[in-house]
Amino acid sequence: MGTVGGGTVNVLKRNAEEIARRAGRGVVITHAATRDINKQRICDTTGITLTTDPQVVVNDPEVQIIVELIGGDGLARELVLAAIANGKHVVTANKALIAKHGNEIFARAQEKGVVVAFEAAVAGGIPIIKAVREGLAANRVEWLAGIINGTGNFILTEMRDKGRDFADVLAEAQALGYAEADPTFDVEGIDAAHKLTILASIAFGIPLQFEACFTEGITRITREDVNYAEELGYRIKHLGMARHTDKGVELRVHPTLIPERRLIANVDGVMNAVLVKGDAVGPTLYYGAGAGAEPTASAVVADLVDVTRTLTADPENRVPHLAFQPDALSDLPILPMAAVETAYYLRMQVADKPGVLADVTRILGDAGISIEAILQKEPVGESDATIIMLTHRVLEGQMDQAIAAIEALDSIDGSIMRIRLEHLDAD
Ligand code: HSE
């Protein structure tokens, strides 16, 4: 009965008639567990039995569906497994739970013939799970890229547009109910990694492998980087990227330069967007509110309608949790970052003297790294000059070696700022 719980009660009540017309029967909230019964809420709880003991809800024989909106993977996991053991269907918005324990949860649900629905776990109100799992079922998904953390996108947007301070924007996102209980999950990319893990599994038919997802946060991005990127025609976004290759799956969340002409580069504020490239359909883009009470409730209630419709359906013939049949999941490995191929933005501080640029380009050339664009900013006063380079695609392992060699030059000051770059074109 927090932000999303309150939103769910409100949407279910307000749209009760419409929802019953769609589901073929009414959906009624009978119980709700809450930490503090007397807390002031955004919803009217008339007709709902409130309790501080969630076990009462998951063990009530009259309850058919449990909606888990607690978050975290401790108590939530226990309750979801208990509900499944009791033969109840589950609807959850809990991305950490699904990303980390989904394999176990779906196996139990399969055994018991119940559904665990999790549309609200990824990109708030955007029906991206349904789109990838069902709408794109004809396709071999080649890659997907998403702005899937509203808080992080809100921070980057406000920093860029209004020059606002990082901490100040984060505090506003927390006040608006967008941020995670621990906001480092938002800014360090952990929340996005949870969501990306789920998307990759349903896109490629692989087990959930959150631990293998690479994450890099947005805290090192400076206003200068944002400005230089703009000068070169790019926006910096905190992007989740999953790509299917012959050798394995790329699974990574990091700040990324995206050409500003791409629609996804213009997704601002708390909005989310996911770009999915299928071999038959080509690139498709899904956009909407990624956080907030009613947008997330929209996905929760859609799942409730879906589950309600399946109450009478044969468990063997339902849509599989991870889109592919459980015994048909692929063992394609998640690639280490050294084996990932991407383009780069590099920013370095260099001594303003002859031959420095030649040394840098020689190292890149020897490593087989081709430069796409270059920008040199003249030194201000006593300071070094700044060089910004965009490279063509290269294996990250090769780039790591080249960066180490450049940083070892006497004429380079400090470490090189490296931001990955994705063109996200139709290929
Ligand atoms: N903290 C998340 C976000 C909430 O900002 O996107 C939605 O999952």
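Note: hydrogens, waters and symmetry copies are ignored here, and every other heavy atom, side chains too, is used. Residues take their numbers from the sequence shown, with the count starting at 1.
- A salt bridge links Glu396 with Arg420; the closest basic N to acidic carboxylate O contact falls under 4.0 Å.
- Classification of Glu119 and Lys130 as a salt-bridged pair fails, no side-chain N sitting under 4.0 Å from a carboxylate O.
- Among the candidates Leu357, Ile416, Ile369, the single residue satisfying the side-chain contact (heavy atoms from CB on, under 4.5 Å) test with Met389 is Leu357.
- Contact annotation: the side chain of Lys39 never approaches that of Met1 to less than 4.5 Å [non-hydrogen atoms, C-beta and beyond].
- Exactly one of Lys237, Arg262, Arg252 qualifies for a salt bridge (charged side-chain N to carboxylate O under 4.0 Å, His left out) with Glu422. That residue is Arg252.
- Remark: Leu263 CG is loosely packed, at most 12 non-hydrogen atoms of other residues, nucleotides or ligands lying under 6.0 Å away.
- Donor-acceptor pairing under 3.5 Å is lacking for the side chains of Thr92 and Asn94.
- Looking only at atom types and distance, the side chain of Tyr286 has no donor-acceptor partner in the side chain of Asn272 under 3.5 Å away.
- Between the CD1 atom in Ile70 and the CD atom in Glu78 there is a gap of 9.5 Å [rounded to 0.5 Å].
- Within the model, atoms CE of Met337 and OG1 of Thr342 stand 7.5 Å from one another, a figure rounded to the nearest 0.5 Å.
- Salt-bridge annotation for Arg418 and Glu216: absent, with no side-chain N of the basic residue lying under 4.0 Å from a carboxylate O of the acidic one.
- Classification of Arg14 and Glu294 as a salt-bridged pair holds, one side-chain N sitting under 4.0 Å from a carboxylate O.
- The side-chain heavy atoms of Lys277 and Leu275, taken from C-beta on, include no pair separated by under 4.5 Å.
- Taken from CG in Asp186 to CD1 in Ile155, the straight-line distance is 7.0 Å, to the nearest 0.5 Å.
- Summarising the geometry, atom OH belonging to Tyr234 is positioned 5.5 Å from atom CG belonging to Leu390; distances are rounded to the nearest 0.5 Å.
- For the pair Arg133 and Phe204, the cation-pi criterion (under 6.0 Å, within 45° of the ring axis) is not fulfilled.
- Note on Asp73 versus Arg77: no salt bridge recorded, every NZ/NE/NH1/NH2 to OD/OE distance being 4.0 Å or above.
- Residues Thr46 and Asp44 have side chains that bring a donor and an acceptor to within less than 3.5 angstrom of each other.
- Remark: Asp410 CG is loosely packed, at most 12 non-hydrogen atoms of other residues, nucleotides or ligands lying under 6.0 Å away.
- Once rounded to the nearest 0.5 Å, the distance linking CD of Glu224 with NZ of Lys377 reads 11.0 Å.
- Looking only at side-chain heavy atoms (C-beta outward), Ile388 and Ile374 stay at 4.5 Å or farther from each other.
- In summary, Asp268 and Arg160 engage in a salt bridge, as defined by a charged side-chain N under 4.0 Å from a carboxylate O.
- Separation of atoms OG1 (Thr256) and CG (Leu424) is listed at 8.0 Å; rounding is to 0.5 Å.
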